[in-house]
Amino acid sequence: MLMYNLIDKKRLKQALTQDEINWIVENFVNKQISNEEMSSFLMAVCLNGMNEEETYYMTKAMQKSGETVKFDYDTVDKHSTGGVSDSTTLLLAPIMANLGIKLAKMSGRGLGTTGGTIDKLEVFDGYKVDKSFDEFNNIIKEVGASIVSQSKDIAVADKLMYALRDKTATIASIPLIASSVMSKKLAMGSNIILLDVKYGKGAFMPTKHDAVKLAKTMVDIGKRDGKTVWAVISNMNIPLSDGVGCAQEVYSVISTMKGCDNNLLKVTKELAVNLYVMATGADRKTAELKVSETINNGIIDKFKEIIQAHGGSIDVIDKQELLLNTSNVITINASESGYIADIDALEIAKFVMQLKSKVGADRTKFQGVLLKVSYGDKILEGDALVTIYTDTKLTISDKNDIRNVFKITPKKPKKLKLIEKVVK
Ligand code: URA
């Protein structure tokens, strides 16, 4: 086979065979295909797409480029396509563990403006994100859930391809995103996989239409592979909780575990209910009751167990204020009265990224904001909108930037629809 001919075939919008796709992925990993050739191929896929069979073959070729994890008991897995202040995994892990459903989760770091679970877990001093398979397995068996960083031995082709896509403007392709995500998920050995596909300003997929298309592609890959894969389509136009930034998001997760009701809890409940139905075959009503009962009984002790099992300190759970320890704490107030009609997730994420870029690596996790208002709230001029935690000084222009993230209108806005639907 010649890479030139296969690139040309895709340029001409023709479908590639399984053998051709396997050949491309294997030879790229073995460095027989250059970055120039692969970039050209990825751009052709970006522009001309792949059909369902090609996308599945691509996923399997990428999965086979690394190891596949095997457990001798049933586990479930969950994946979010990424959002702003999306800390559902931290809440979901103790809920599933207390429900007796084992969660085996490898997570990533932040991509672009979306936060990463692994970065948030490093807020707990000593939390070891790199675990051997035996350690991962033992924690899941003993505690019921483990969250570690993506092993470098899983879906090796994905790492190489992702790095190239990131440099060549070829991220935004549904077959490439779907095969990238699903190659890693299929390699994780869980037969039950729940995807949280987000749409909106703070998500990879700006529109509901594209989010549903991506979800259907990933669910189809799972079905072809004999797995149960469902996808919750959820709103990411506004941050999911009041914290944005690693320490502030963990602060918010802990407040939620201590009884604070918010959108983060609502979306996590939806994920837990779906996973419970998928894992046990129970009807939705029973699952809702079980999940609510588990949350009402308290999940914080299980969360502490999970953190400690990974070597993490639980000091910040008992003393949340330790998470808000920056040299400057600045509150921004509303310049008019009205209703909160928008809190732009993308703009707030960019603001926090800027705060992080101004400090040393050891301080980035502490830079962030805590929102003081939620979507739909009625506020008066002078009310606090947001508190900023930073080790640098803010300019007037910085303060205006953050104030502009909030849209205040005289009329109460429409109710926010958090969950669009579940694709099965
Ligand atoms: N997340 C992934 O894992 N892969 C993509 O291609 C995009 C988001």
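All values below come from the heavy atoms of this structure, side chains included, with hydrogens, waters and symmetry mates left out. Just so you know, ligand 1 is whichever comes first in the structure, and atom 1 is the first atom listed for that ligand.
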**Request:** Kindly confirm or rule out an N or O of R165 lying under 3.5 angstrom from an N or O of ligand 1.
**Result:** yes
**Message:** Distance under 4.0 Å to a non-hydrogen atom of V181: what atoms of ligand 1 satisfy this?
**Reply:** 2 (C), 3 (O)
**Request:** Would you mind checking which non-hydrogen protein atom is closest to atom 3 (O) of ligand 1, with the distance to 0.1 Å?
**Result:** K184 NZ, 2.5 Å
**Message:** Looking at ligand 1, would I171 count as a contact under a 4.0 Å heavy-atom criterion?
**Reply:** no
**Prompt:** Any side-chain heavy-atom pair from L42 and L176 closer than 4.5 angstrom?
**Reply:** yes
**Message:** I need the atoms of ligand 1 closer than 4.0 Å to a non-hydrogen atom of Y162, numbered in the order shown.
**Reply:** 4 (N), 5 (C), 6 (O), 7 (C)
**Asked** Are Y57 and N22 side-chain neighbours, meaning at least one heavy-atom pair lies under 4.5 Å?
**Response** no
**Message:** Between F303 and F124, is the ring centroid distance below 6.0 Å?
**Reply:** yes
**Asked** Side chains of S179 and T55: donor-acceptor distance under 3.5 Å anywhere?
**Response** no
**Item:** Verdict with supporting geometry, T326 and T390, side-chain hydrogen bond (donor to acceptor under 3.5 Å, both in side chains)
**Value:** CA-CA 5 Å; T326 51; T390 174; over 6 Å; no
**Prompt:** Nearest to atom 2 (C) of ligand 1, what protein heavy atom do you find, and at what distance?
**Reply:** S180 OG, 3.5 Å
